[in-house]
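Following: one structure in structure tokens, then a few remarks.
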Number of protein chains: 2
Amino acid sequence: MSGIEDVALRAGVSKATVSRALSGRGYVSSITRHKVESAASELGYVVSSNASSLVTGRTNNVGVIIPVINQWFFGSIIEGVERALIDRGYDLMLYNLTKDIDARSRVFEYFLVRKRVDAIIAVTLEISPDEASSLVALGKPIAGIGGPLAGIPTLSIDDIAAARLATEHLIALGHTNIMHVGGDAAELMDFNVHSKRLQGFMDALAAAGLPFNGESYVATHFDIPGGYAAGKQILGDPRRRPTAIFAAADEVAIGVILAARELGISVPDDLSVIGIDNHPLADLFGLTSIAQNPAKQGEQAVDLVIRQLETAGWTPPNIHTTVPAQLVMRSSTSAPRAGSPR
Amino acid sequence: MSGIEDVALRAGVSKATVSRALSGRGYVSSITRHKVESAASELGYVVSSNASSLVTGRTNNVGVIIPVINQWFFGSIIEGVERALIDRGYDLMLYNLTKDIDARSRVFEYFLVRKRVDAIIAVTLEISPDEASSLVALGKPIAGIGGPLAGIPTLSIDDIAAARLATEHLIALGHTNIMHVGGDAAELMDFNVHSKRLQGFMDALAAAGLPFNGESYVATHFDIPGGYAAGKQILGDPRRRPTAIFAAADEVAIGVILAARELGISVPDDLSVIGIDNHPLADLFGLTSIAQNPAKQGEQAVDLVIRQLETAGWTPPNIHTTVPAQLVMRSSTSAPRAGSPR
DNA sequence: TACATTTCTGGAACCGATTGCAGACGAGGA
DNA sequence: TCCTCGTCTGCAATCGGTTCCAGAAATGTA
């Protein structure tokens with residue numbers, strides 16, 4: 001492994017000049033720059049990022065804390081974040097923050113503290129106030145996806161508005177007997193999501209003068225089996241069956257559709273279903289959905305932290321930014337069957 | 001940010017002693033150790049991993065190169081790898097190696113080279129010989145999941161045996177008209193997987209004296225929509241419909257089942273379906289499958305590289321290790337209907 | 001008691017870069 | 001012609017630890 005000294009010798013210049021030539025800052029004549037560059041490539045020289053970090057104080061690493069990896073929404077965020085970081089020359093350090101209390105505190109107390117990352121992106125964390133303030137206390141640029149999170153600039157769709165939009169779509173089609181299948185508060189997600197989507201649902205009902213009661217809402221796991229279970233439960237009893245279901249996520253919606261199919265309930269003739277996400281499987285199931293783009297949200301979060309890193313003194317203008325979400329019509333929603341039950 | 005010097009001053013000892021006390025190597029009396037520890041915690045001191053890496057040459061980082069993130073198999077591997085790494089005090093640097101040629105070369109030529117990782121885990125990469133040798137040339141411990149990969153110790157299920165097992169299960173049930181839905185060679189995966197599973201399928205047919213011809217095999221995308229499309233195509237024509245389908249992955253199998261349901265073909269009465277993976281959705285679809293455990297494979301890969309890192313001179317005994325995969329029976333397979341077509 | 005070991009500690013060199021400073025040089029302006 | 005300013009380069013200090021070495025203290029052994 002050749003060091004900067006070897007390159008300097010070979011190019012017949014000093015270490016300082018090599019450093020300036022390769023990093024591109026400071027004055028170097030183009031002729032020596034070329035000498036240095038060819039010497040470096042002949043030796044296969046690459047800078048030691050450790051040595052360089054030591055003096056500059058910059059690691060070129062960004063830490064990403066995420067509660068789940070193996071789920072479409074989260075996986076897409078990681079993909080988006082990774083691409084954006086690599087594009088900008090940063091490395092991505094991944095921390096999967098599960099519910100495991102030991103692992104959690106280890107991440108906060110050991111890993112994040114060790115001056116190894118320049119910035120942090122926190123993805124829809126259900127995070128304790130202690131944990132949030134220990135993040136802020138690092139004094140590093142932070143961005144969150146989800147939230148809002150105390151003291152941290154965050155980014156997400158407007159969950160209330162998205163849920164309202166979905167529900168309004170059903171109402172506009174003429175549905176009056178609508179149920180919401182939402183998230184389980186014990187899930188490994190920023191619980192704001194669940195309560196806000198429920199809120200948007202309720203808002204839309206209220207605005208249309210439709211009643212909301214204990215039977216209008218079922219909580220389940222935020223995945224296909226969760227939606228399936230909820231669907232079986234809801235649709236099993238023909239007398240209290242709604243004509244439309246707003247599922248808080250497409251995976252849940254797909255589960256509901258599978259349950260409906262199994263019960264011989266036709267979608268959308270007997271039951272309209274709408275979700276949120278525009279999941280890749282939505283097409284296959286003809287699922288009408290409110291589209292959001294997690295990969296892009298990941299990129300935006302990267303922008304947020306990188307800009308803080310690279311333009312001194314810049315801080316994000318808003319503590320919470322909402323990104324657009326719009327309706328994607330497919331075949332799982334339609335007007336209720338004429339003379340439908342109740 | 002207080003440095004080691006401040007701790008030394010406060011504890012009334014030298015930098016050297018602080019370093020020994022906190023790192024636990026070398027002799028330190030327990031009394032001074034305590035002095036140092038309390039001084040350190042009072043100051044909120046944490047070592048600079050850069051400075052420490054600079055002299056030790058160890059970064060405590062492991063790079064993970066993976067072609068896809070947002071897919072069950074890959075996501076599970078990442079989860080397993082992450083957990084195992086954090087447990088052992090290492091950080092995970094994630095590189096998503098897509099087909100994008102620019103991004104690829106950037107990862108190989110820029111990121112991996114910069115002395116930032118102690119070891120590398122390469123996950124089912126479709127990797128060029130050049131890329132493989134540039135990995136080996138880094139001279140760092142490497143482990144692969146998938147493979148075999150030239151010169152790199154790898155780890156996977158025995159794909160041929162798993163495919164044979166699946167096919168034999170169908171044959172044992174009495175099926176003689178079996179098709180295989182496998183992976184598309186253009187997919188972003190180690191193509192070995194596809195050809196080996198096809199191989200195992202052919203082996204099992206041959207061993208049972210069953211014919212294999214061009215109509216026995218369909219290639220498609222390795223996901224649910226891919227399986228659905230293949231299913232529609234295969235099952236659409238009643239006259240050449242098989243009584244059983246072996247799908248090379250559970251996601252594909254689920255797609256096939258969805259297609260069958262849509263065509264009114266009963267699983268397993270009219271069609272048996274088996275997959276590989278034991279995907280979390282297998283339960284929901286009653287899918288019989290050959291189970292493998294990607295999270296555990298991730299952990300094993302971590303073991304492989306960490307052991308190389310921490311026990312000098314140790315190298316993995318086998319260039320390729322196979323991990324077990326066993327049949328999980330559910331309701332998607334059964335004997336063919338008596339007097340079934342052809 | 002004398003000597004050999006083991007434990008403990010500090011000084012100083014070192015890891016491999018970056019950067020402030022100062023000196024040298026050439027070009028343009030007065 | 002003399003000055004100033006911008007360009008170019010090298011020296012040396014610095015980032016924040018780790019570790020070799022040597023000497024002192026404590027412990028064990030003959």
Side-chain angles (χ1 to χ4, degrees), chain A residues 1-37 39-41 43-61 89 91 110 113-118 309-310 312, chain B residues 1-37 39-41 43-61 89 110 113-118 310 312:
Chain A
M1 296 302 122
S2 44
I4 197 173
E5 188 81 57
D6 306 308
V7 180
L9 246 56
R10 179 159 197 140
V13 296
S14 70
K15 295 190 329 180
T17 300
V18 173
S19 175
R20 282 186 285 250
L22 296 179
S23 68
R25 64 206 135 196
Y27 292 113
V28 181
S29 73
S30 66
I31 169 130
T32 55
R33 184 192 316 286
H34 282 119
K35 276 194 299 189
V36 169
E37 278 167 357
S41 78
L43 293 173
Y45 167 78
V46 287
V47 313
S48 156
S49 61
N50 276 318
S52 138
S53 293
L54 183 54
V55 34
T56 61
R58 300 282 301 274
T59 64
N60 282 284
N61 283 152
D91 284 334
Y110 176 62
V113 160
R114 276 177 316 150
K115 306 169 179 158
R116 317 195 89 219
V117 296
D118 292 338
L309 239 30
E310 298 186 347
Chain B
M1 294 303 125
S2 43
I4 198 173
E5 189 80 58
D6 306 308
V7 180
L9 246 54
R10 179 160 195 138
V13 297
S14 69
K15 292 188 339 178
T17 301
V18 173
S19 175
R20 282 186 288 251
L22 295 179
S23 70
R25 63 206 136 194
Y27 292 113
V28 181
S29 73
S30 66
I31 169 132
T32 56
R33 184 192 316 286
H34 282 119
K35 275 194 301 188
V36 170
E37 279 167 354
S41 78
L43 293 172
Y45 167 79
V46 287
V47 313
S48 155
S49 62
N50 275 317
S52 141
S53 293
L54 183 54
V55 33
T56 60
R58 300 282 301 275
T59 63
N60 281 287
N61 282 152
Y110 176 62
V113 161
R114 277 178 315 151
K115 305 166 179 160
R116 318 194 89 217
V117 297
D118 292 338
E310 298 185 347

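Convention: sequence-line order gives letters A, B, ...; per-chain numbering from 1. Everything numeric here is computed off the predicted structure, so don't read it as measured data.
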For this session: Taking atom types as modelled, find out whether A/Thr56 and A/Arg58 have a side-chain donor-acceptor pair closer than 3.5 angstrom.
Result: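 There is no such pair between these side chains.
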Problem set entry | Side-chain donor-acceptor contact under 3.5 Å, A/Arg116 with B/Ser49 |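 Short answer, yes.
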Can a side chain N or O of [X] be found less than 4.0 Å away from OP1 or OP2 on [N]?
X: A/Ser14; N: D/dG10; result: yes
X: B/Ser53; N: C/dC15; result: no
X: B/Arg20; N: C/dC8; result: no
X: B/Tyr45; N: D/dG17; result: yes
X: B/Thr32; N: C/dT9; result: yes

For this session: Measure from the side-chain heavy atoms of A/Ser48 and tell me the nearest of C/dA17, D/dT9, C/dG10.
Result: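 The answer is C/dA17, which lies nearest to the side chain.
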Exercise. Whole-Å distance between C/dG11 P and B/Leu9 CG?
Worked result: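 Value for this atom pair: 11 Å.
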Problem set entry | Gap between atoms NZ and C1', on A/Lys15 and C/dG20 respectively (whole Å) |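 Going from NZ in A/Lys15 over to C1' in C/dG20 covers 15 Å.
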Exercise. How would you label the contact of A/Val18 with the nucleic acid (heavy atoms, under 4.0 Å): base, sugar-phosphate, or nothing?
Worked result: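 Answer is nothing: A/Val18 stays at 4.0 Å or more from every strand.
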For this session: Would you mind classifying the nucleic acid contact of B/Ser52 as base, sugar-phosphate or nothing, using non-hydrogen atoms under 4.0 angstrom?
Result: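 Sugar-phosphate: the residue B/Ser52, judged by heavy atoms under 4.0 Å, touches backbone atoms but no base.
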Problem set entry | Toward the 5' end of DNA chain C, by each residue's nearest nucleotide, A/Asn50 or B/Ser30 |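 It is B/Ser30, whose closest nucleotide lies nearer the 5' terminus.
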Exercise. Distance from B/Asp118 atom CG to B/Thr59 atom OG1, nearest 0.5 Å?
Worked result: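 Going from the CG atom of B/Asp118 to the OG1 atom of B/Thr59 covers 3.5 Å.
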